[in-house]
**Q** 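Handing you this structure, nothing more for now.
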Amino acid sequence: MKFVKGQDVSYTALSGRSYEAKVIERKMDFKKGLIIKSTSKQIDFHYLIEIQKNGTTENILCAENNLELLEKKKRRVKKAA
C-alpha cells in the first residue's frame, strides 16, 4: 500500500475521467475487514476515497491501480537578469 490516510490523490474512474480525491481509509487499517473483495472475484478494494463531484462529496471504494499521487505544481519565480 503506497498511499497514506489523508493523502491527496488522483482517481481515474472506469469511464476514464480523473478526479482529485483524498484517501479516507486504507484496507490494512480496518481491523474488522470493512473493505473486502467484491462479490465478483476480479476486484480487490484497497482504499476508501472522497471525491468532490458536481458540488457534492462522494465516498468511493477503489483499487490501488485506480489512484495516482496528485502532484501540486508550484510556480517558480524567475530571477530578473
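What you see below is based on every heavy atom in this structure, not just the backbone, and it leaves out hydrogens, waters and symmetry mates.
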**Q** Please check: side-chain N/O of Y47 versus main-chain N/O of F3, any donor-acceptor pairing under 3.5 Å?
**A** yes
**Q** For a 4.5 angstrom cut-off between non-hydrogen side-chain atoms, does H46 reach N65?
**A** no
**Q** What residue among L61, N59, L48 forms side chain to side chain contact (heavy atoms under 4.5 Å, CB included) with E25?
**A**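 Running side chain to side chain contact (heavy atoms under 4.5 Å, CB included) over L61, N59, L48 with E25 returns exactly one hit, L48.
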**Q** Compare every heavy atom of R26 with every heavy atom of K5, then report the nearest pair and how far apart it is.
**A**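 K5 and R26 have their closest heavy atoms at N-CD, 4.1 Å.
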**Q** Should the heavy atoms of other residues, nucleotides or ligands under 6.0 Å from CD of E20 be counted, would the total exceed 12?
**A**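 No, CD of E20 has 12 or fewer neighbouring heavy atoms, counting only those of other groups under 6.0 Å.
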**Q** Is the shortest heavy-atom distance from the side chain of V4 to the side chain of V23 under 4.5 Å?
**A** no
**Q** With rounding to the nearest 0.5 Å, note down the distance linking CD1 in I60 to CG in N66.
**A** 9.5 Å
**Q** Atom CG of residue position L69 - does it have more than 12 heavy atoms of other residues, nucleotides or ligands inside 6.0 Å?
**A** yes
**Q** For K53, check side-chain contact (heavy atoms from CB on, under 4.5 Å) against everything at least two apart and list the hits.
**A** Y19, I51, E58
